[in-house]
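Computation of the quantities below employed the complete heavy-atom set of this structure, encompassing side-chain atoms and omitting hydrogens, waters and symmetry-equivalent molecules. Lettering of chains follows the sequences in order, A, B, ..., and the numbering in each one begins at 1.
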Amino acid sequence: MTQTVYTTEEIKKIEEKWQKIWEERKIFRVSENSSKAKYYVLEMFPYPSGKIHMGHVRNYTIADVIARFKMMQGFNVLHPMGYDAFGQPAENAAIKRNVDPAEWTYSCIDQMRAELKRMGFSYDWGRELATCDREYYRWNQWIFLKMYERGLAYKKASSVNWCAGCETTLANEEVINGLCWRCKSEVGQKDLDQWYLKITGYKEKLLEDLQALDHWPQRVIAMQENWIGRSRGVNMYFQLKDFDEKITVFTTRPDTIFGATYVVLAPEHPLVDKLISGVPREPEIRRFIEKVKAENKNLRTAGDKKKEGMFTGRHAINPANKEEVPVWIADYVLMEYGAGAIMAVPTHDQRDFLFAKEHHLPMRMVIQDPAQPDITVHELTCAYEGEGLLINSVQFDGVPSREAIEKIGRWMETQGMGQMTVHWRLRDWLISRQRYWGTPIPFIYCDRCGLVPVPQEQLPVELPKNVKITGEGGSPLNHCPEFVHVPCPRCQGPARRETDTMATFFDSSWYYLRYCSAKDETQVFDKKQASYWMPVDQYIGGIEHAILHLLYSRFFTKFLKDIGLIDCDEPFIRLLTQGMVLKDGEVMSKSRGNTVDPDSIIEKYGADALRLFILFAAPPEEQLEWNDHAIDGAWKFLNRVWLCAGNRFRPNDQQVSAERMDQEDKELERERNAAIKKITQDLSEGFKFNTAISGLMILLNKIDKYKADERDPVKQTILNRAIQTMILLLSPFTPHLCEELWQKMGAREESISRAAWPTHDEEALKQDLIQIVAQVNGKLRGKFDVPADITEEALRQIILSDPKVKEFTQGKPPRKFIYVPGKLANIVV
RNA sequence: GGGCGGAUGGCGGAAUUGGUAGACGCGCAUGCCUUAGGAGCAUGUGGGGAAACUCAUGGAGGUUCAAGUCCUCUUCCGCCCACCA
C-alpha cells in the first residue's frame with residue numbers, strides 16, 4: 001500500500017476526526033488533583049466579534065505549542081479559553097441591527113468557538129467562560145463590593161473625559177491624543193458623579209514589584225514605570241504678597257530655585273479666584289480662564305500648541321532669595337499634576353524660556369553651561385537644561401547641579417521653605433460607564449440611607465432584558481423603570497439603583513482566577529484550586545495591553561491577596577508579547593482591507609499548515625509578514641512528512657545495539673538525537689519556534705537521504721525510530737497530522753499529547769571525525785577532518801604541513817597558534 | 001524631548017553569545033521522472049572574477065589572533081510615552 005499526496009480532502013477528514021476525539025474523550029480536561037507539577041498557559045482572551053483573525057491565530061498557536069510541549073514533558077497543564085464579552089460593539093450592533101446585545105454576543109461566541117476548534121487548540125473547554133455570563137459578572141459585583149468595604153471603590157464628582165460619540169465617560173487610559181480610543185471622536189470634559197477604583201493605593205507596590213518580573217519584556221516594564229510615573233522633587237512655598245496664603249509649587253529641579261523669576265498657576269488652581277478678585281484686568285482674566293477650561297484637556301496639552309497666559313497683577317516671594325516675582329496663570333500648567341502650580345526658570349527650562357520671551361518676563365542664569373561658560377542671558381537662544389556648576393545662587397555657587405538638587409532640597413526643608421516629596425503620575429481608575437452592555441454597579445441610592453451597597457445575598461444585580469438601546473441620552477438603564485425603582489435594602493423605602501455599568505477592563509482583571517474553578521457557583525473562585533494553579537506561568541498577548549490590562553490585573557491580584565483569597569503577589573510570571581501580523585508591510589486590519597481570513601486558509605491547506613507557517617515565518621515577538629507562497633511551503637513540508645511516515649515506516653520490534661550499526665546508521669541516530677536536543681532547547685529557552693521547525697526540516701531531509709533496505713531489520717528499526725521521533729517532536733506544532741501518523745504507527749496512547757517528550761543521548765552525538773577550520777591571520781584558509789580526540793600538537797603538524805596553509809604563511813614560522821578545541825585554529829604570522 | 005527595539009542575499013529569517021556569515025524555508029534557474037501533480041527528485045543560487053582569489057552584515061572609526069556580535073561616533077526605520085514642572 002502506498003500513501004499518496006496529503007490532499008485537501010484527507011486533511012479535512014483527519015483534522016475533523018482528531019478534533020472530535022479530543023472533544024469526546026476530553027483529552028485536555030485537567031484537574032488540580034494531580035501529582036504532576038502544574039503549568040498554567042494563558043492567552044489574552046478575545047472579544048467575541050464572531051470571526052477570528054490572523055492575530056488571534058498567531059497568539060493562540062504560540063500558546064498551544066507551549067501547552068502541548070509542556071504536557072508531553074509531564075506537566076499538568078491548564079490551558080483555558082473564554083470571551084471578554086461585555087462592551088460597546090454589542091451595543092452598536094444592537095443599535096444598527098436592532099438585535100438584543102446578549103443574543104448577538106452569544107451567537108458570536110458560538111461562531112468563534114467553532115473557529116477556535118477548527119484550529120485544534122488544546123483547550124480545557126470545561127472551563128470556558130464569558131464575562132457577560134450571569135455567573136461571571138455576579139462576581140465582578142462581589143469584588144466591587146469587597147473593594148468598597150476596603151475603601152478602594154468610591155464615588156467622586158469630577159471633571160471627566162467625555163466622549164460625545166460614545167456618550168460615555170472614558171478613563172485617561174482610553175483617551176489617545178485627545179481622541180476616543182474606540183470611535184476616534186474628540187473627547188471633551190464634563191462634570192459628573194463617577195465611580196473610581198483607588199489603584200493609587202497600590203502605586204508603590206505596583207512600581208516596586210516590577211523589578212521582580214524578570215521574564216517580562218523590558219519595554220513593558222518600562223511602559224508601566226512610565227505610566228506609574230514616580231518623580232522625586234520638592235514642594236516649595238511661595239508666600240503671596242498682600243495675602244496670608246502661600247502658593248505651593250512642585251519641582252524636580254530645586255537646584256534652579258535662585259533662577260525662579262515668576263510663578264505660574266493652573267487656571268483651575270483654587271487660589272486663582274481670590275487672587276484676581278478686584279484686579280484691574282479681572283474680567284479679561286476670567287474670560288481667559290473660562291476659555292481654557294472649555295478646551296479639551298488633551299488638546300490643551302498637545303506638545304506644539306502655543307502657550308497662552310496672563311499676569312494676575314499679584315506677586316509672591318521666592319523663598320530662596322526673598323525676591324518678589326510676578327504670579328501668572330497659563331494653560332500649560334495642569335491642575336492634575338504636582339501642585340497645580342510651578343516656579344518658572346526660563347534659563348533652564350525650555351517651556352518657561354519660550355513663555356518668558358513671549359511675555360517679556362525676567363530671566364537669570366543659575367547653572368553654567370560648561371560648553372559656553374561666558375554666555376549671558378541676552379545671548380541665550382534656548383534654555384540650558386543640562387548639568388553644570390551653580391552661579392548666582394549665593395552660598396550654593398560652585399556646587400555641581402546634580403549635588404545641588406539634594407543639598408538645596410535639604411536646606412529648604414531645614415529653613416521651612418519647602419518639603420522634599422514624591423509625586424506620582426498614576427491616577428485613580430474611573431470605572432463608571434453610561435452604557436448598557438456591562439456589569440451593573442451594585443449600589444442603591446436611598447433618600448433616607450444614602451448610598452447603600454446591594455447585600456451579597458442579592459447578587460447578582462441582573463442586567464435587565466428588553467432595554468431599548470438607542471445610543472442617545474446617556475445610560476440606557478436610566479430609561480428602564482423596573483430596574484431603577486427598587487426598595488432600599490436597609491429601610492425598605494423607595495430607592496433608586498445605580499444605572500452605570502463597569503468598564504470592561506474590570507471583567508478582564510481577574511478572569512485568569514475564575515478559570516481555576518470556572519463552574520463554581522458558590523464563590524468568586526475556589527481558594528485551594530486557585531492556589532494550586534496560580535500564578536499563570538506563561539501569559540501571551542498583544543503589546544497593546546502592556547499598560548492598562550496588565551496593570552489592572554496586577555492591582556486586582558494584590559488586592560485579592562490582601563483580602564486573603566490568593567497567595568501570589570503577581571498574576572503572570574512570564575509574559576510574551578507577540579508581534580503583529582502584516583500584509584504588504586502594513587498591519588492587517590479590516591479598515592485597510594488587507595486581511596487574510598484564517599478560515600479560507602484552513603479550508604485549503606488545513607489548520608496544521610497554517611499553524612506551521614505562522615510559527616516558522618518569524619520569531620514570536622517580531623512582526624510577521626504574511627506570504628501566500630510560504631504557506632504553500634508549510635504544506636509541502638507536511639506532505640513530505642505524510643509520505644515519509646506513511647510509506648517508509650514498517651512495524652518491527654528489532655532491538656539494535658550500537659555494534660551492529662554502520663556509519664550511515666550512526667549518522668542518522670546522531671541526527672535524531674541532535675534534533676531532540678535542539679528542539680527541546682529552542683522550546684525551553686525562549687520560544688524559538690522558527691528555528692525548532694528548521695531543525696525538524698533538517699531531520700526530515702536526513703531521513704529522506706537515509707537508504708534502508710526493507711529486509712534489513714537493523715536499518716528498518718533505526719529508520720522507524722527516526723520517524724517516530726520526528727512525529728513526536730512535530731506534534732505540538734501540527735497536532736492533527738501527527739496524531740494520525742502516530743496512530744498509524746501503532747500508538748499506545750489515546751493521544752500523542754499523552755506520549756512522553758523524547759530525550760536525547762549525549763553519547764550518540766559524539767563523532768569520530770570532526771572538522772577543524774584553519775585560519776591564517778584570521779582568514780579562512782582550509783578545513784581538516786581529524787579524529788575527535790586529536791591533540792593540539794598533532795593538529796598543528798597537520799595544518800602547518802598543508803601546502804595551502806604554507807602558501808599563505810609564506811614559509812614564515814607562526815608567531816602564535818591559537819586553538820579553539822573542536823572548532824578552529826588560527827595561525828598568526 | 002524621553003524610553004525601548006531594529007537595520008544581515010530578490011524575500012522571511014539563522015549564526016553555538018567573540019570563532020567557517022547567510023542554517024531552514026520562500027522565490028528563481030537547469031535537468032530528471034512521461035504516474036501531468038498544490039507533485040516528487042537532483043543540482044545550483046550574496047556581489048565581482050575564467051580561476052586562484054576577493055569584497056560583503058546601514059555608515060565611519062576602534063579593541064582583538066579573530067567582530068554581524070564588544071566600544072565610540074553617525075544615519076535611517078519602527079513602537080510606546082510626553083507642556084509631567
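- Using a 4.0 Å heavy-atom criterion, one finds that A:Val828 contacts the sugar-phosphate atoms exclusively.
- For A:Asp682 and B:C24, the CG to C1' distance is 12 Å, given to the nearest whole Å.
- With ring centers used as reference points, A:Tyr332 lies under 6.0 Å from A:Phe355.
- Applying the 3.5 Å distance criterion, the base of B:G38 shares no donor-acceptor pair with the side chain of A:Thr7.
- Rounded to an integer number of Å, the gap from CG of A:Asp331 to C1' of B:C83 is 9 Å.
- A:Pro217 comes within contact range of no nucleotide atom at all, as no heavy-atom separation falls under 4.0 Å.
- In this structure, CG of A:Leu548 is placed 12 Å from C1' of B:C80, rounded to the nearest angstrom.
- Ring-centre distance between A:Phe613 and A:Trp626: below the 6.0 Å cut-off.
- If you check every strand for non-hydrogen atoms under 4.0 Å, A:Lys779 touches sugar and phosphate atoms only.
- Among the heavy atoms of the strands, none lies under 4.0 Å from A:Arg230.
- Using a 4.0 Å heavy-atom distance criterion, A:Arg640 is classed as a sugar-phosphate-only contact.
- Among the atoms of the strands shown, none is found under 4.0 Å from any heavy atom of A:Glu385.
- A residue-by-residue look at A:Arg781 and A:Ser231 shows that A:Arg781 has its nearest nucleotide of RNA chain B further toward the 5' end.
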Quiz prompt | Canonical and wobble pairing (Watson-Crick, G-U, under 3.5 Å) of RNA chain B, dot-bracket with | | solution = (((((((..(((......[....)))((((((.......))))))(((....)))..(((((..]....))))))))))))....

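- B:G19 atom P lies 15 Å from atom CG of A:Leu780, rounded to whole Å.
- Within 4.0 Å of A:Gln775, counting heavy atoms only, lies at least one base atom of the nucleic acid.
- A donor-acceptor contact under 3.5 Å is formed by the side chain of A:Asn826 with the base of B:C65.
- Across all strands, A:Phe637 comes closer than 4.0 Å to no nucleic acid atom at all (heavy-atom distances).
- Annotation: proximity of residues 694-705 of chain A to RNA chain B (heavy atom, distance under 4.0 Å) is found for A:Ser694, A:Met697, A:Ile698, A:Asn701, numbered in ascending order.
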